[in-house]
Structure formats: structure tokens, C-alpha cells
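Working notes, structure below.
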Amino acid sequence: MENILESVSSGFANYITFILRFVTPLLSGLILYRCGKSLLRGRGESETWGYLCLPNGGRIYLNHWENIIGRNRSCDALMEFPTVSRIHGALIRDSRGGWKVYDLNSKSGILVNGEKAERSAPVKSGDILTMGGVQLTFMDLNEEQLARQAEARTKPGTIVRPGITLMLLTELQLLLGIQHYIAMGEEADIMIPLSFAVLAGIMWVYYLFMRILRRRGVEIETLAFFLCTLGLSVTATAVPSDMIKQLVFVTAGLFVFLCLGFFLRDLERARKLRWPIAVVGVLMLTATLVIAKSTNGAKNWISIAGFTFQPSEFVKICFVFAGATTMDRLFAKRNLILFMAFSALCVVTLGLMSDFGTALVFFAAYLIIAFIRSGDFATIFLSAGGAALGGFLILTVKPYIKDRFSTWGKAWQFANEGGYQQTRTMAAAASGGLFGVGAGNGWLHTVFAAETDMVFGLICEEHGLITGVFAIGALVLLALFAIKAAATARSSFYVIGACAAVTMLLFQLILNVFGSLDILPFTGVTFPFVSRGGSSIIACWGLLAFVKAVDTRQNASFAIKLPKRKRKKDTFYTIQDGYDFSGYDPERHEV
């Protein structure tokens with residue numbers, strides 16, 4: 001009788017696992033579709049912060065905190081007057097509402113109320129700016145005007161409701177917990193499904209906190225929670241005893257994300273502290289090079305009081321801070337040269353530590369930042385040439401790195417040597433098919449570093465190729481949104497920071513996935529948000545704060561202060577200067 005009951009129970013468990021194998025990719029696809037529809041739907045709506053009145057009564061609206069003025073078609077404030085330089089000047093607003101005008105080496109200079117601005121000069125509403133003999137009246141928007149504009153803009157969450165998306169993700173989390181519990185059989189531990197329930201609780205507490213702050217756009221965080229859910233599944237398979245530790249890391253990462261987001265609200269403070277933060281990054285790398293012990297050929301881990309961490313992961317945040325700059329310093333060559341020196345120092349130090357995967361991630365981010373800041377292909381080609389020379393020298397000095405390249409593309413010829421990990425990863429991914437063998441039922445976790453360096457193969461094995469592709473798609477969605485949001489971003493600081501952050505995440509993803517599949521050399525970097533470990537997850541959440549800061553959708557980002565609530569009695573108020581947002585057209589940016 002007991003055998004019959006055990007057989008029935010086992011058959012029922014197998015039936016449940018079979019059903020859930022198909023539910024996992026379905027829920028994953030729905031989550032990505034809803035997040036992508038909300039993030040990428042339609043054109044971005046610009047914000048207006050002031051305008052310039054032309055002599056003929058026309059207006060040039062200032063849709064950013066930093067606006068280039070000139071005849072060039074790429075200028076934010078286009079002035080089609082032959083006496084105006086192609087790039088004449090810039091009008092820049094700080095996060096406290098103050099404005100300055102900058103002369104960008106124009107031929108005729110800039111006059112503010114008849115007095116020449118040597119390099120920069122403060123301006124206030126009603127001041128007369130003269131550029132190339134053309135007089136412009138600068139008008140700033142006050143709090144009531146900004147509040148009216150905020151009311152007219154589209155708010156996220158009206159078409160694709162974030163609460164429903166989070167419900168789908170909660171279902172995925174609970175179902176994965178059940179799958180792992182069933183897969184463990186007689187060794188089943190209630191802490192496994194409970195850990196997934198705790199992750200769901202953390203997610204909902206965060207969502208409610210955002211709603212208290214009047215924020216409704218949580219798609220960016222939802223994608224991160226989705227990847228962290230897959231990461232928790234990886235931990236449940238490979239090292240079930242580390243489930244609580246992994247939850248602590250996710251919580252710590254979310255805390256860093258919130259702290260950085262609120263810190264980025266004050267753009268002036270962030271700009272002033274970026275070089276001190278860069279110095280901290282250099283000191284962390286130097287300390288790692290000096291005191292770290294070599295592990296698997298690389299000196300990139302520090303152990304203090306039994307706590308082991310990877311400082312280079314946190315230096316990524318410092319690197320993005322150093323690379324991002326506001327437009328008043330964007331044209332200063334000295335500023336770019338300092339950043340190039342800082343980048344070279346980081347990459348060389350990582351090379352000396354033999355952490356070449358992370359060095360490649362830093363270098364990719366450097367190329368993006370250098371191009372955005374300079375727009376000069378010569379600088380990019382020169383940097384790439386220098387990197388190629390450095391790579392050749394490394395291959396000469398570090399023979400074991402050369403051995404990795406010798407097996408690149410030939411993993412099956414060295415299946416029990418240099419290609420051991422890649423061949424096992426490819427075999428496991430192939431055995432999973434489209435829908436996987438079920439959470440906790442794979443074998444790849446028995447291979448060294450499967451839960452970190454080869455985690456894509458583990459996901460494909462247990463959850464199927466479809467879910468593995470969706471995991472990649474989540475990071476691609478973040479990159480596409482950062483590119484889209486750059487057009488309407490408030491400051492170049494946010495644009496550069498977001499582009500650098502997603503470059504690091506994407507390049508790290510490429511090295512992890514393609515390296516484990518032998519498409520690229522195996523470098524041993526982690527899959528963002530998914531690979532087991534604390535340093536990587538915390539750093540990824542920190543980088544995500546820069547993506548959140550570039551989000552200018554109304555009531556979406558907590559990294560952006562909302563205008564003060566407009567009084568109800570002002571519903572039909574018409575602004576004195578004629579700029580009435582009751583008829584504001586967010587697509588045309590005019591009234």
C-alpha cells in the first residue's frame with residue numbers, strides 16, 4: 001500500500017513539474033511583453049523648462065536642463081540667423097532652478113543685458129540675451145507652470161498596469177519555489193519556496209513604497225526582479241544553503257539602488273563628487289592588487305573578517321560617475337583627458353590583476369563614454385589601437401591567457417581540458433530544449449562555476465532556451481529604453497551615465513553568454529542579476545540607478561523630483577505670459 005501511495009505521489013509530482021515547465025516561459029514572456037510595451041511604447045514626451053522669445057514674437061522652447069544654441073541642425077535651440085555661430089552658446093539649468101549662459105567660443109560672443117559674458121553668466125527670467133546681434137528674451141517657468149505641464153503629460157501605468165505585471169512575476173516566483181521543492185524529493189526543505197515568497201514580499205514592499213512617493217513607473221525594477229528571480233532559482237539548484245544569503249544580497253542591492261537614485265536627484269552635488277568617487281575607485285583597485293590573494297589565476301577577491309567580496313564590481317559605479325559630466329564641462333578637453341587617464345589606470349590595474357573579463361567591460365564602457373563626450377572617431381580608433389597593443393603584450397606576458405585563446409572555437413577538441421566547461425554548458429543547454437527539464441532537475445550545477453560563469457547554460461537546461469532568451473531580452477529592453485530616453489533626458493550627466501551603465505551590463509552579458517557557448521573566449525564574468533554572488537548583484541542594482549535617473553516619464557522615476565502639487569482652484573488658471581499648459585501638446589511641445 002505504501003508503495004502504491006508513493007508511486008501515485010511521485011506520478012502527481014512529475015505531472016505538476018511537467019505542467020510548470022511550460023508555464024515558466026509563458027509567464028516570463030508575458031512579463032517582458034508588458035514591460036517592453038510600457039517602456040518603449042510611443043514617442044518620449046519632452047519637458048519644457050523655459051523659452052527664448054525672438055524679435056519677431058516667435059519662441060524657442062528649452063526642453064532640457066542643458067541646451068546648445070546655434071545654427072547647427074543638431075542644436076537644441078536652433079537659430080537660423082547667419083550672424084549666429086553654428087554652435088554659439090549653451091543655456092544650462094541646475095537642479096535648484098538657477099540658469100547660466102555659456103559662450104562656446106562663438107565669433108561674436110554673448111551679451112546679457114548689454115554686458116559681455118566672458119565665459120558664463122547667470123541669467124534670470126526677463127533677461128535680454130544678445131547672440132550675433134539677435135536679441136532674445138529669456139523666460140523661465142515657475143512652479144505653477146511646471147505643475148500644469150506635469151498634469152498635461154502622460155503618466156505610466158494607465159495602459160499597462162504595473163500591479164498586474166508584478167502579479168505575473170509573483171506567480172512565477174511561487175511556481176519556481178514549488179518546482180524546486182518537488183525536485184528535492186525526500187530532502188525537500190521548506191526554506192526553498194519560502195525564499196521565493198520572501199523575494200516576492202520584498203518586491204511588493206518596494207512597489208507600495210513607490211506608490212507612496214506617487215511613482216507608478218516600475219518597469220525597470222520589474223525587469224531586475226525578474227532576473228533576480230532566475231538568479232534565486234540558480235542558487236536553489238546549485239547551493240540551496242545560500243538562499244538566505246542571496247536574498248540578503250538582493251535586498252542590499254535594492255538599498256544601494258534607492259540611495260544612488262535619491263543621490264542623483266541633486267545634479268550639482270553628483271557632479272562635484274564624481275572625482276572624489278573616482279579616487280575611491282582607484283584606491284579600491286590598488287588595494288585589491290596589493291592585498292588580494294590569487295584565485296583561479298586572478299587577484300580580484302578580498303577577504304575581510306570572513307566576508308569575501310570583489311571590489312572591481314563596485315568600481316564600475318565609480319567609473320560611470322567619473323565618465324558622466326554636465327554639458328558645461330563636456331567641451332573641456334582637460335576634463336576628457338582626465339577621464340581617459342582614469343580609464344587607462346582602471347584597465348591596466350585590472351590587467352595586472354589578471355581580471356581581463358572585467359577589464360574588457362570597463363573598456364567597452366569607456367569607448368561609449370568617449371564617443372558621446374567627444375563625437376570624435378579618431379579618439380575611439382586610437383583608443384582601440386592602444387587596447388589591441390596592450391592585449392598583445394598581455395598574451396605575451398601571461399601564457400595561460402594565450403592558452404584560453406588557443407581553445408577558443410575548438411572546445412570540443414579539448415573537451416576534457418581547456419574546453420571542459422564550455423562543452424558541458426553547451427550539452428546541458430541542448431538537453432534542456434525549448435522548455436527545459438524543470439527547475440532543480442538539471443545536472444550542470446555539478447560542474448565548477450556553473451552558477452556564476454556558465455549560468456546561461458544552467459537556465460537553458462532547467463527552464464529552456466525560451467526562458468534563457470527572455471533573460472537576455474530583459475537586459476536588451478533596458479538598453480533600448482536608455483537609448484530612447486536619452487532624447488528627452490534632462491541632462492547629459494544622466495544620458496552618459498545611463499548609456500555607460502547599460503553598456504557595462506550588456507557587454508558583461510555578451511561575454512558571459514557567448515563565452516560559455518564558445519562563441520567568444522571564456523572570460524569568467526557574471527550574468528547581470530542572475531549569477532550567484534553578492535558583489536555582482538549589488539553592483540548591477542547600482543548601475544540600474546543610472547538607467548532609472550534617465551527616465552523622465554511623468555511620475556515614473558524617484559530619481560527625479562516632482563513639481564509641487566498645483567492647487568485645485570488654479571484648474572482654469574491662465575499663465576500671465578501666455579504659456580498656458582491647459583492646451584499643452586506633448587507630441588509637438590507647443591501650445
Side-chain angles (χ1 to χ4, degrees), residues 46-52 60-70 75-77 87-104 110 112-113 115 117-129 131 136-147 149-150 259-278 320-332 334-335 339 372-373 485-498 545-546 548-552 554 557-564 579:
S46 294
E47 299 172 291
T48 299
W49 301 96
Y51 54 92
L52 296 171
I60 301 175
Y61 295 111
L62 307 174
N63 295 326
H64 307 280
W65 283 357
E66 300 154 353
N67 303 271
I68 297 292
I69 305 172
C75 289
D76 302 295
I87 297 180
H88 199 106
L91 262 173
I92 297 179
R93 180 187 189 273
D94 60 38
S95 52
R96 297 177 179 84
W99 288 83
K100 278 188 177 182
V101 63
Y102 290 80
D103 184 4
L104 301 179
I110 299 176
V112 179
N113 296 326
E115 296 183 7
E118 295 299 332
R119 181 183 178 274
S120 66
V123 293
K124 59 183 183 296
S125 192
D127 283 351
I128 305 297
L129 308 181
M131 301 184 185
L136 307 165
T137 303
F138 169 74
M139 299 300 295
D140 189 10
L141 265 65
N142 57 38
E143 287 290 343
E144 292 186 12
Q145 292 168 312
L146 292 175
Q149 176 181 218
C259 291
L260 274 177
F262 284 109
F263 179 80
L264 291 171
R265 278 184 165 198
D266 191 331
L267 188 59
E268 190 65 19
R269 177 181 57 195
R271 184 184 65 79
K272 287 179 179 178
L273 291 178
R274 62 193 184 90
W275 284 119
I277 290 173
V320 174
F321 259 109
T325 185
T326 49
M327 195 168 287
D328 58 326
R329 297 176 181 270
L330 200 62
F331 297 94
R334 176 177 173 273
N335 203 294
F339 174 67
I372 294 176
R373 291 181 59 166
T488 55
R490 295 182 172 184
S491 169
S492 59
F493 186 95
Y494 299 137
V495 173
I496 297 173
F546 291 95
K548 191 67 175 177
V550 83
D551 186 0
T552 55
Q554 192 61 43
S557 177
F558 65 89
I560 294 176
K561 292 181 180 179
L562 297 181
K564 295 179 180 178
Y579 203 68

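Remember, predicted model here, so these are calculated numbers, not experimental data. Counting from 1, the numbers follow the sequence of the chain as shown. Note: hydrogens, waters and symmetry copies are ignored here, and every other heavy atom, side chains too, is used.
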Inset, instruction - Look at the aromatic rings of F262 and F558 and report parallel, tilted or perpendicular, splitting at 30° and 60°. - result: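 Tilted.
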Hey, what do you get for [atom1] ([X]) to [atom2] ([Y]), rounding to the nearest 0.5 Å?
X    : Y    : atom1 : atom2 : result
E115 : I110 : CD    : CD1   : 14.5 Å
K548 : L264 : NZ    : CG    : 13.0 Å
R119 : K100 : CZ    : NZ    : 8.5 Å
M139 : W99  : CE    : CH2   : 12.5 Å
L129 : H88  : CG    : NE2   : 10.0 Å
F546 : L260 : CZ    : CG    : 6.0 Å

Inset, instruction - Go through the steps for F321 and L273 under the test side chain to side chain contact (heavy atoms under 4.5 Å, CB included), then give the verdict. - result: CA-CA 9 Å; F321 259 109; L273 291 178; over 6 Å; no
Could you report the tightest heavy-atom contact between [X] and [Y], atom names first, then the distance?
X    : Y    : value
G126 : T137 : O-CG2, 4.1 Å
A324 : G497 : CB-N, 4.0 Å
F339 : G323 : CE1-CA, 3.3 Å
C75  : I69  : SG-C, 4.1 Å
D127 : P122 : OD2-O, 4.4 Å
G97  : D140 : O-OD2, 3.9 Å

Legend entry - D76 side chain to I68 backbone, donor-acceptor under 3.5 Å: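 Looks like yes, one N/O pair under 3.5 Å.
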Legend entry - Whether R274 side chain and A322 backbone form a donor-acceptor pair below 3.5 Å: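 Present.
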Inset, instruction - For a side-chain contact (heavy atoms from CB on, under 4.5 Å) with T48, tell me which candidate from N63, L146, L62 qualifies. - result: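 Testing each of N63, L146, L62 against T48, the sole residue satisfying side-chain contact (heavy atoms from CB on, under 4.5 Å) is N63.
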Legend entry - From CA spacing to verdict: side chain to side chain contact (heavy atoms under 4.5 Å, CB included), I60, N67: CA-CA 11 Å; I60 301 175; N67 303 271; over 6 Å; no
Legend entry - Reference residue S491; test side chain to side chain donor-acceptor pair (under 3.5 Å); the match among E66, R271, R93: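 The passing option is E66.
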Legend entry - Beyond-backbone contact of V495 with H64, side-chain heavy atoms, under 4.5 angstrom: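 V495 vs H64: side chains apart.
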